[in-house]
Amino acid sequence: MKKYVVRCLLLLLLSPLTTAKENVTPEDERIRYEGRFDSPAPGTYRTDWPCARLSFGVNNVREEGGSIDVSWSSERVRLNATAWRADGSIASSEIFVGPKWRNKKQTSTLNLPKDASFVTIRKLTQAAPFGTGIGEKALAASVWEYHGVKVTGAEVVSLSPRKRVVEYIGASDSAGYCADGTPDIDGTAALLIDSWLYDNCDLATPGLLANYFDADLWVEAEGGMGLTQNANARIPAFEGKYPLPYFWENQALLTDSSSSWDPTDSNNQLSPDLVVVSLGGNDYNHQHGNVPSNETFSAAYEEFLLKIFSAYESNEDAKILSVCGQGSPAESAFDPDNNRCSPCPHVEDALNDFKINHPELGERAYLGFVPCDGSVVVGDDDIGCAGHKNAVGQQKVFDYLQPLVSEIMDW
Ligand SMILES: *[C@@H]1O[C@H](CO)[C@@H](O)[C@H](O)[C@H]1NC(C)=O
Ligand SMILES: *[C@@H]1O[C@H](CO)[C@@H](O)[C@H](O)[C@H]1NC(C)=O
């Protein structure tokens, strides 16, 4: 009897909270952000990086369920909005698809089942569907502007940070380019302008690793990008003239040169435990012989790893994993100049040089070579569009890398 009375009192006390609607602004401290966002104006946060995400907790969802109305504007953006139960299982999930051309504010709704415990909204699309050359122009950029949420029938609470932090720096495979596509999708122009319909960073190796290891995830990855030069470097207008380390060091948004970022600034609150560097393939493939010398590549690799270690020097246990490979035996048939494993000896040499030149830091740098011989990715049923892995292929790469990450990180 006493218990019953207490419960009724509690319900009475809680009901005004949980039936109300609450508008939560992007600046609200209960919202957590992963990945590079900036704020062009009060009330708006924006990002273009794949896998960037926001999250918040929900308490006391009312008996009949609640809802989350997400206010956003975008161009060529898809978002994965998911409500999770406390045990990590999924309570509800929606893919929000924005317009192809820039729109005004729109609202998308996620149902909040009674047993939901927290909500995540993750960007699936990479920043520049045309590459950073043409894609840097506002015409093509996949920018997600977030204006806040209206929460109905639940109380919004803060979430504690996840157990670990992973930063993932790479090119198309790391961005999840074509992971949602199929091999029959054709037409270079259509693929480029519509590629945002097939990107899925959540189901790519970075998203899978972060979910598995309960890690906050910061991805700076974009198709075609390299360490010393981008793919098709002889046509800079296409993939852009700057390789990825330039953006890592300078810009909050890949496609906005006026957005600034300083990885050494502690206000950015990024102190990763693990930084994955999956760069090098595009430096060598599709270059018609115009490739960096071994010395140039090794020196650039050394410089980049030094910058990463130095930016995160407050974490003396931070480690770097250099990932290379993850192709299939069939891909040279699809595109002879796209053997993902052919650049790997250069990456391995560069990493070894780094270890020789910097023995102490070198102990925290590892090679994650993912073979292309068919023992991981087969090339049949695990390929999405444009010769890139679908979710099945990405899962295979994750399955291959996960034990290695567990071992080197002791996770
Ligand atoms: C959305 O995210 C959840 C959690 O990561 C995942 O299980 C689900 O497959 C994703 N949905 C799509 C369509 O990518
Ligand atoms: C450059 O490195 C590659 C990969 O290790 C090696 O096969 C090649 O012989 C090297 N070239 C020169 C000129 O040393």
Side-chain angles (χ1 to χ4, degrees), residues 164-171 173-174 206 209 218-221 225-231 233 241-251 261-266 268 270-285 287 289-326 339-372 401 404-411:
R164 295 138 179 168
V165 183
V166 171
E167 183 175 25
Y168 213 108
I169 303 169
D173 288 333
S174 309
L209 273 176
W218 292 55
V219 173
E220 294 94 38
M225 304 223 70
L227 179 82
T228 62
Q229 62 179 3
N230 297 331
K241 67 176 174 196
Y242 297 116
L244 196 61
Y246 172 86
F247 297 99
W248 179 83
E249 231 184 324
N250 290 296
Q251 289 183 201
W261 191 269
D262 175 3
T264 66
D265 182 350
S266 57
N268 293 328
L270 174 61
S271 177
D273 304 298
L274 172 66
V275 181
V276 179
V277 178
S278 182
L279 288 172
N282 289 314
D283 296 65
Y284 292 94
N285 284 326
Q287 300 293 8
N290 171 34
V291 298
S293 72
N294 290 352
E295 291 70 26
T296 302
F297 186 78
S298 267
Y301 213 91
E302 176 181 27
E303 192 188 339
F304 191 42
L305 296 201
L306 281 177
K307 279 180 178 161
I308 294 170
F309 274 128
S310 142
Y312 307 133
E313 66 190 352
S314 62
N315 181 353
E316 286 170 10
D317 292 325
K319 297 190 168 79
I320 294 180
L321 176 65
S322 291
V323 167
C324 189
Q326 56 175 303
N339 176 355
R340 283 175 169 73
C341 274
S342 67
C344 294
H346 300 285
V347 171
E348 194 175 347
D349 289 350
L351 192 64
N352 286 336
D353 289 349
F354 181 82
K355 285 169 174 288
I356 291 166
N357 294 344
H358 309 279
E360 239 167 79
L361 292 176
E363 278 176 25
R364 296 197 262 135
Y366 301 82
L367 180 68
F369 172 67
V370 187
C372 303
L401 286 175
L404 180 66
V405 172
S406 290
E407 191 193 319
I408 65 180
M409 301 305 294
D410 202 13
W411 286 353

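This chain uses plain numbering: 1 for the first residue, then up along the sequence. Only a predicted model underlies this, so the values are computations on that prediction, with no experimental measurement involved.
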*If you look at every heavy atom in Gly226 and Pro245, which pair is closest and at what distance?*
O-CD, 3.6 Å
_Side chains of Val291 and Asp283, heavy atoms from C-beta outward: is any pair under 4.5 Å?_
no
_Test of understanding: with ring pair (Phe, Tyr, Trp, His ring centres under 6.0 Å), list the residues that count as partners of Phe354, not counting sequence neighbours._
His358
*Quick one: pull up CD in Gln229 and OH in Tyr242 and give me the separation to the nearest 0.5 Å.*
15.5 Å
_I need the Tyr312 OH to Ile320 CD1 distance, nearest 0.5 Å._
9.5 Å
*For Glu167, what residues pass the salt bridge (charged side-chain N to carboxylate O under 4.0 Å, His left out) criterion, not counting sequence neighbours?*
none
*Rounded distance [0.5 Å steps], CG in Leu227 versus CZ in Phe297*: 5.0 Å
*What pair of heavy atoms forms the shortest contact from Pro206 to Ser174, and how long is it?*
CG-O, 3.1 Å
*CG of Leu361 to NZ of Lys319: how many Å apart, nearest 0.5 Å?*
12.5 Å
*With sequence neighbours left out, which residue pairs that include part of residues 346-365 fulfil the salt bridge (Lys or Arg N to Asp or Glu O under 4.0 Å) condition?*
none
_Just to verify, which of Leu270, Val276, Leu274 counts as forming a side chain to side chain contact (heavy atoms under 4.5 Å, CB included) with Pro272?_
Leu270
*Over all heavy atoms of both residues, which pair between Pro371 and Cys341 is shortest? Give the atoms and the distance, please.*
C-SG, 4.0 Å
*Search all heavy atoms of Trp218 against all heavy atoms of Asn268 and return the closest pair with its distance.*
CH2-O, 3.7 Å
*Which residues share a side-chain hydrogen bond (donor to acceptor under 3.5 Å, both in side chains) with Asp173, sequence neighbours left out*: Arg340, Lys389
Show me the donor-acceptor pairs within less than 3.5 Å that the side chains of residues 404-411 make with the rest of the protein, sequence neighbours left out.
{"unit_1": "Ser406", "atom_1": "OG", "unit_2": "Gln402", "atom_2": "O", "d": "3.2"}
{"unit_1": "Ser406", "atom_1": "OG", "unit_2": "Gln402", "atom_2": "NE2", "d": "3.2"}
{"unit_1": "Ser406", "atom_1": "OG", "unit_2": "Trp411", "atom_2": "O", "d": "3.4"}

*Not counting sequence neighbours, which residues clear side-chain hydrogen bond (donor to acceptor under 3.5 Å, both in side chains) with Ser278? List them please.*
none
_Test of understanding: with ring pair (Phe, Tyr, Trp, His ring centres under 6.0 Å), list the residues that count as partners of Phe304, not counting sequence neighbours._
Trp248
_Test side-chain contact (heavy atoms from CB on, under 4.5 Å) applied to Pro343 - qualifying residues, sequence neighbours left out_ = Tyr284, Asn285
*Kindly confirm or rule out an SG-SG distance below 2.5 Å between Cys324 and Cys344.*
yes
*Apply side chain to side chain contact (heavy atoms under 4.5 Å, CB included) to the pair Val347 and Leu367, showing each step before the final yes or no.*
CA-CA 9 Å; Val347 171; Leu367 180 68; 4.2 Å; yes
*With side chains defined as the heavy atoms from C-beta onward, is the minimum distance between Val166 and Asp273 less than 4.5 Å?*
no
*Does Asn294 have any side-chain hydrogen bond (donor to acceptor under 3.5 Å, both in side chains) partners at least two apart in sequence or in another chain, and if so, which?*
His346
*Contact list for residues 290-316, test salt bridge (Lys or Arg N to Asp or Glu O under 4.0 Å), sequence neighbours left out*: Glu249-Lys307, Glu303-Lys307
*For Ser271 and Asn315, work out which heavy atoms get closest and say how close.*
OG-CB, 3.7 Å
*Not counting sequence neighbours, which residues clear side-chain hydrogen bond (donor to acceptor under 3.5 Å, both in side chains) with Thr264? List them please.*
Asp262
*Residue pair Ser322 / Tyr301, side-chain donor-acceptor N/O under 3.5 Å*: yes
*Of all residues at least two apart in sequence or in a different chain, which pass the side-chain contact (heavy atoms from CB on, under 4.5 Å) check with Ala171?*
Asn282
*State, to 0.1 Å, how close Leu351 and Ala365 come at their nearest heavy-atom pair, and which atoms those are.*
CD1-CB, 3.9 Å
*State the OH-NZ distance between Tyr246 and Lys241, to the nearest 0.5 angstrom.*
8.0 Å
_Side-chain heavy atoms of Ile169 within contact of Ile308, under 4.5 Å_ = yes
*Can any side-chain N or O of Gln287 pair as donor or acceptor with the backbone N or O of Asn230 at less than 3.5 Å?*
yes
